[in-house]
Structures are given as structure tokens and as C-alpha cells.
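One structure is given here, and the rest of the page talks about it.
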Amino acid sequence: MKCNKFRDIIITDHVDGELDEQGKQELASHLQECAGCREFAAAVLAVAVDPLRKTTPEEPPAFLWTRLQSRLEQEQRNHSGLKWLQVLATSAMFLAMVLTGNYLVSGMVGTTNSQEVVASSEVASQLSLSEFNDMPNEQVETVYNNIIGG
Amino acid sequence: MDIQSISPDIIHKSAAGDIQAFAEIYKSASSFVYNVALRTARNREDAQEITQEVFLKVFKNLRDFRFKSSFKTWLYRITVNTALNALKKAAHERRRQFAYHENISAELPTQAEAIETSLDHSGQKEQVNKMLETLNPEYRTCIVLREMQGLRYDEIAQVLQININTVRSRLKRAREMLLKRGGYHEMQ
Ligand SMILES: [Zn+2]
């Protein structure tokens, strides 16, 4: 094997401990007789490997978890707020359908009924809008009260 | 406490929204995530931002985690991808700011970076980051996973979803650049 082949191995598998036994032996015997490759191996370790490998890891600051925890709690509140609204929208739709159903049974004209259905499903789709996702809880509550109260 | 020791039970509970269980995952994995972010981002503030983003993604996506790949590999992949995206975004910002002269953008430290440097007393860490900054993002993540986290070639390949020979050639290219930067010129 030529020196440049050995150097490819030195700069990768050798310094990364990925060589098998045979590979290790072949390289070792080459290094014994080749000063150039010995110098190259030393340089790779000193310049490109050791400075990075020897850095000590840093612990993340404690406030990071506190911050994350309140983000997660916020996410959950918003999520459950949204679920509430979906439940509400479904029941509103159900109620509307029951009402239009009664309407139909009581023998009124069919054309007004279909308009009624369109109108109620429009209300329902407005209720389950994804905008509520990022809304703080109090705001969701206000919207909820407006819908129910108003 | 490391990522390997996270039990399936903890993962299931966290997936169901148990924040106390998720705290266990954070405890085991935050050091890894933060240090990869530190070596990939330009300053601590960005690294903290990336760390938070990674754990938010993990929390939201745990429900879809199917235990097919190892949790460690899954988390590593989210970390690397989030860090890479942040890096690309930052590079894009810089290009926009210094669009009038390409070389200037490479030379000028950002304000945050200047502050960072003045806060960093250890000097050694500063030197390491300067070394890493010269590498393109793909090479950099390879080097960080290998040198700082001690991953084997097959593990790096799994995380980055590339083959082992690509891992090897990226490490080779990256180290050749570091050698050149360190003033080493190969003797013939
Ligand atoms: Zn040789």
C-alpha cells in the first residue's frame, strides 16, 4: 500500500478506532518504517482531533427547564381549550340538526330547511377554527362566553 | 443518567402529556442536545433557543414515536436537524445583511458573537468554535457527533441518514480542512 492510502486510514478509521485487527497490524508495521506517515498521524491528532475531543461538555442552565416547562404547560392549556371548543361545536351542530329535523317532521317547506342546514354547519366550522391554538386560556374563555352568552 | 436509560414507560407517560415524566427525558438528554447546539450555533443564546425547540418538538411528536428506531437515534436526528435549520437560517440572515460583500460576512463577527467571546474565559472553547466555524454545516455535524459525543460511524450514519462511506469521507474532508487551517502542510 502507498503512503496516501495509509493516510486516508490514519485520518479516519485509525483515529476513530474503527480499524479491525488486520488493519491495525498493517498500519502499525507501516508506521514503524515510515517517518512521514508517523508525522502525519501525530499532526492529525494534535491539530484536528484532540482539541475537539478534549473539550468538556457544558451543562445547560437551570432556567432552560423552567422556561420549557411553562411553555409545555401553556401548550397543554391551549390544547385542552381547543378540545373544549370542538366538543362545543359538535354539540351545537348536533342541536342544529335535531332542530332542523324537527322542522322537517313538522311538515314545513323543504327548501328553507336546506338553507338552515348550510347556515348551521357554517357556524360549526367557524367554532372549530385553528386560530384558537395560540390563544391564551383567558382569551379562549372570553370567546367561549361570547358564543354562549351572546 | 443518559439517554439509553430512558424507560419505555417514561416515554409512554410523556407521550400522554405527563410533564413530570417528560422532565426525566429532559434530565437524561438535555446535556447532549445543548452541547450539540452549542457547537453548531454561533452563541449560547441561539443554543438555548435550539434546545428549547428540540424538546418542544420531542414532546409534541412523542405520540408518533413507534419504537422502531432507538429513541436515542430519533432524538439525535431531531437535534441535528433543528440545529442545522437554525444554522441555515442564521447564514441566510447574514448573507442578507452583508450582501454587498461576500468576504466581509465571513470576517465580521456578529454582535452576539463578540459578546460571547468576551464572556468566554476558557479560551479553549472559543478556539474550538473558531475551528468548527470554518467547516460547512454537513461536515460540522459529523465532526460534532464523532468528537464531542463519541458516536461510532454506524451511529452517525443512522442519525444523519447517510451511508458509512459518506460519514468517513466527510470526517476526512473536515479534518483535512482543520489541518490546513492549523498550518499543517503535508510532506510528500
Ligand atoms: Zn507512509
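Below, chains carry the letters A, B, ... as their sequence lines are ordered, and counting in each starts from 1.
At least one side-chain heavy atom of B:Q20 sits under 4.5 Å from a side-chain heavy atom of A:Q69. In this structure, A:L64 and B:Y26 have side chains that are in contact, with non-hydrogen atoms separated by less than 4.5 Å. For the pair A:F63 and B:Q48, the minimum side-chain heavy-atom distance is below 4.5 Å. Side chains of A:P57 and B:Y34 form no contact here, defined as non-hydrogen atoms less than 4.5 Å apart.
Within a 6.0 Å sphere centred on CZ of B:R63, other residues, nucleotides and ligands contribute 12 heavy atoms or fewer. Open room surrounds NZ on B:K13; 12 or fewer heavy atoms of other groups in view lie less than 6.0 Å from it.
To the nearest 0.5 Å, the span separating CD on B:E53 from CG on A:L68 amounts to 11.5 Å. Remark: A:I11 CD1 to B:R168 CZ distance equals 13.0 Å, nearest 0.5 Å. Taking CZ of A:R67 as the reference point, atom CZ of B:F55 lies at 13.5 Å (rounded to 0.5 Å). One distance of note links OG1 of A:T12 with CZ of B:R170; it measures 15.0 Å at 0.5 Å rounding.
B:R175 touches chain A through backbone and side chain together, each having a heavy atom under 4.5 Å away. Residue B:Y153 touches chain A through both its backbone and its side chain, counting heavy-atom pairs closer than 4.5 Å. Residue B:T51 touches chain A through its side chain alone, counting heavy-atom pairs closer than 4.5 Å.
Interface check for chain B: of the options A:V49, A:L52, A:V47, A:V44, the most heavy-atom pairs under 4.5 Å are formed by A:L52. With chain A as partner, the option from B:L171, B:L132, B:L56, B:N35 having the largest number of non-hydrogen pairs under 4.5 angstrom is B:N35. Taking chain A as the reference chain and counting heavy-atom pairs below 4.5 Å, the highest number among B:V33, B:V167, B:L179 is found for B:L179. Ranking B:A23, B:S169, B:G182, B:G183 against chain A, the residue ahead of the rest is B:A23, based on heavy-atom pairs under 4.5 Å. When the candidates A:V15, A:D8, A:D13 are compared by the number of heavy-atom contacts under 4.5 Å with chain B, A:D13 comes out ahead.
Contact detail for A:E59 and B:S31: the closest heavy-atom pair is OE2-OG, 3.4 Å.
By the criterion of side-chain heavy atoms lying less than 4.5 angstrom apart, applied directly or through intervening Ile, Leu, Val, Met, Phe, Trp or Tyr residues, B:M131 is not grouped with B:L87; the two fall into different hydrophobic clusters.
Residue-level contacts of residues 18-29 of chain A with chain B, in order of numbering, are A:E18; threshold 4.5 Å between heavy atoms.
Side-chain atoms of A:D16 do not come within 3.5 Å of backbone N or O of B:R152 as any donor-acceptor pair.
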